[in-house]
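Report on the following structure.
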Amino acid sequence: MTPSVGVVIPTRGNRPAQLREAVAAVLAQDHPGGLRVVVVADTPDAEPAAAARDVAEQVADVASPDRPARLRVMPNLLTPGLPGARNTGIAACDTDLVAFCDDDDVWLPGKLAAQVRALRDGGEFASCGIEVEYAGRRVIRLAGASTVTAGDLVRSRMVMVHSSTFLFERGSLWVDETAPAGQNEDWDLALRAARRRPIVQVDRPLVRVRWGGSHYATRWADRIAGLDWMLARHPELAGDPRGAARIYGQLAFSHAALGHRREAARWALRTFAARLGEPRAAIALAVAAGLVSAPTVLTTLHHRGHGI
């Protein structure tokens with residue numbers, strides 16, 4: 001029997017054209033088991049019912065009677081922010097499986113069918129390859145494997161294990177709403193899933209992930225808080241030299257972007273101590289010294305389908 005799937009799409013309602021495209025791409029998936037879409041309006045500054053009405057108007061022209069799916073728009077009923085919005089959507093689903101899609105990303109044809117088939121072989125959480133789109137350029141990011149373990153996610157954040165690729169058994173996992181400003185909630189969820197059982201990876205690009213429009217990208221203080229939260233929540237991250245060096249290098253870069261030269265230098269030294277060849281430390285020191293700006297670094301990396 002083909003499982004039913006509920007797809008949770010959180011939105012602030014500030015990019016209606018992209019939201020419509022995201023919803024339309026989900027509804028266009030070929031899935032005979034029943035497909036339901038829950039769009040969660042997460043606009044803390046607006047009255048919840050009004051926010052949901054505004055978002056509903058944005059996607060009113062997307063659903064059509066001939067599509068075997070239900071489209072529901074509702075306000076975030078839990079903690080304001082992305083984690084609470086995701087959990088609001090999960091709670092609203094009565095399906096066998098739950099999937100996530102960000103409101104600026106697009107599922108490509110065959111995404112859902114391929115992942116459902118992969119889960120039939122015994123998995124409970126699936127991801128897939130992605131196609132990173134930035135400034136008109138698209139770069140494919142694959143895992144190079146059919147499974148992703150907790151150890152893999154400790155050594156590397158693995159950008160292709162992206163929230164918009166997640167498909168998992170409803171009720172098996174919830175998003176941690178204590179994540180500071182919603183930072184790293186998806187990495188934390190994937191790590192917890194992989195500890196239970198290796199993540200099933202459909203290693204071909206089935207989601208187009210759009211970079212450049214996210215409000216998370218350059219909120220450096222929030223990024224620092226999110227990395228500190230991950231280190232406290234997952235002590236094993238500091239035990240793997242490669243993984244620790246990556247995180248320490250990101251902390252060094254974030255402090256450098258904020259102009260915290262002393263903190264940037266301190267974290268750069270910790271990065272070198274963990275792994276001498278980690279490039280983020282040198283990049284952070286260059287930003288701290290004023291040799292290059294943080295936005296320039298990010299733009300260069302994003303053009304190549306990578307982040308800091």
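Quick caveat: nothing in here was measured; it's all calculated off a predicted structure. Along the sequence shown, residues are numbered consecutively beginning with 1.
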Hey, could you give me the [atom1]/[atom2] distance between [X] and [Y], rounded to the nearest 0.5 Å?
{"X": "R72", "Y": "C93", "atom1": "CZ", "atom2": "SG", "result": "9.0 Å"}
{"X": "F166", "Y": "C101", "atom1": "CZ", "atom2": "SG", "result": "12.5 Å"}
{"X": "L119", "Y": "I199", "atom1": "CG", "atom2": "CD1", "result": "11.0 Å"}
{"X": "Q183", "Y": "I224", "atom1": "CD", "atom2": "CD1", "result": "10.5 Å"}
{"X": "R280", "Y": "L285", "atom1": "CZ", "atom2": "CG", "result": "14.0 Å"}
{"X": "S4", "Y": "L97", "atom1": "OG", "atom2": "CG", "result": "7.0 Å"}

Going through the distances and angles, do R208 and D105 end up as a salt bridge (charged side-chain N to carboxylate O under 4.0 Å, His left out)? CA-CA 6 Å; R208 180 171 303 139; D105 294 337; over 6 Å; no

Any link between [X] and [Y] through a network of hydrophobic side chains (Ile, Leu, Val, Met, Phe, Trp, Tyr) touching at under 4.5 Å?
{"X": "M160", "Y": "V139", "value": "no"}
{"X": "F272", "Y": "I283", "value": "no"}
{"X": "L231", "Y": "V154", "value": "yes"}
{"X": "L298", "Y": "V159", "value": "yes"}
{"X": "L77", "Y": "V55", "value": "yes"}

Are any side-chain N or O atoms of [X] and backbone N or O atoms of [Y], one a donor and one an acceptor, separated by less than 3.5 Å?
{"X": "D240", "Y": "R242", "value": "yes"}
{"X": "S172", "Y": "E169", "value": "yes"}
{"X": "T147", "Y": "P198", "value": "no"}
{"X": "N76", "Y": "T79", "value": "yes"}
{"X": "R192", "Y": "W174", "value": "yes"}
{"X": "T271", "Y": "G249", "value": "yes"}
{"X": "D42", "Y": "G81", "value": "yes"}
{"X": "T95", "Y": "G6", "value": "yes"}
{"X": "H255", "Y": "A221", "value": "no"}
{"X": "W187", "Y": "L153", "value": "yes"}

Quick one: are [X] and [Y] in side-chain contact, heavy atoms under 4.5 Å?
{"X": "L82", "Y": "E185", "result": "yes"}
{"X": "V132", "Y": "I130", "result": "yes"}
{"X": "V7", "Y": "I9", "result": "yes"}
{"X": "V8", "Y": "V98", "result": "yes"}
{"X": "R36", "Y": "V5", "result": "no"}
{"X": "Q115", "Y": "V200", "result": "no"}
{"X": "T88", "Y": "I90", "result": "no"}
{"X": "R197", "Y": "F125", "result": "no"}

Check: W220 ring centre within less than 6.0 Å of F253 ring centre: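 Yes.
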
Test side-chain contact (heavy atoms from CB on, under 4.5 Å) on H31 and V116 and set out the steps. CA-CA 9 Å; H31 182 69; V116 169; 3.9 Å; yes

Under 3.5 Å, is there a donor-acceptor pair linking the side chains of D188 and H234?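 Yes, a side-chain donor-acceptor pair sits under 3.5 Å.
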
Do T178 and W229 have side-chain N/O donor and acceptor atoms under 3.5 Å apart?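 A pair is found: one side chain offers a donor N or O, the other an acceptor, under 3.5 Å apart.
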
Compare every heavy atom of [Y] with every heavy atom of [X], then report the nearest pair and how far apart it is.
{"X": "G129", "Y": "L142", "value": "CA-CD2, 3.9 Å"}
{"X": "Q250", "Y": "I308", "value": "CG-O, 3.6 Å"}
{"X": "A99", "Y": "L167", "value": "CB-CD1, 3.8 Å"}
{"X": "L173", "Y": "A193", "value": "CD1-CB, 3.5 Å"}
{"X": "P180", "Y": "A225", "value": "CG-O, 3.6 Å"}
{"X": "A190", "Y": "V161", "value": "CB-CG1, 4.0 Å"}

Tell me, please, whether F100 has R86 positioned over its six-membered ring: NZ or CZ under 6.0 Å from the ring centre and within 45 degrees of its axis?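 Yes, R86 and F100 form such a contact.
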
CA sep, side-chain torsions, deciding dist, call: R137, H302, side-chain contact (heavy atoms from CB on, under 4.5 Å): CA-CA 9 Å; R137 177 184 170 91; H302 288 172; over 6 Å; no

Test T296 against T299 for side chain to side chain donor-acceptor pair (under 3.5 Å), laying out the working first. CA-CA 5 Å; T296 297; T299 297; over 6 Å; no

If the test is side chain to side chain donor-acceptor pair (under 3.5 Å), which one of R275, R270, E278, R266 qualifies with Y248?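 Among the candidates, only R270 passes.
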
Does atom [atom1] of [X] have more than 12 heavy-atom neighbours from other groups under 6.0 Å away?
{"X": "R20", "atom1": "CZ", "value": "yes"}
{"X": "R195", "atom1": "CZ", "value": "yes"}
{"X": "R120", "atom1": "CZ", "value": "yes"}
{"X": "D30", "atom1": "CG", "value": "no"}

Would you call [X]-[Y] a salt bridge at under 4.0 Å N-O?
{"X": "R210", "Y": "E21", "result": "yes"}
{"X": "R204", "Y": "E131", "result": "no"}
{"X": "R233", "Y": "D176", "result": "yes"}
{"X": "R170", "Y": "D94", "result": "no"}

L206/W107 under side-chain contact (heavy atoms from CB on, under 4.5 Å): CA gap, chis, key distance, verdict: CA-CA 6 Å; L206 294 172; W107 284 9; over 6 Å; no

Evaluate side chain to side chain donor-acceptor pair (under 3.5 Å) for D103 paired with Q18, printing each intermediate quantity in order. CA-CA 6 Å; D103 70 346; Q18 290 175 309; over 6 Å; no

Please report the C-alpha distance between T165 and V202 in whole Å, then the side-chain angles of each, then the deciding distance to 0.1 Å, and finally whether the side-chain contact (heavy atoms from CB on, under 4.5 Å) criterion is met. CA-CA 10 Å; T165 74; V202 180; over 6 Å; no

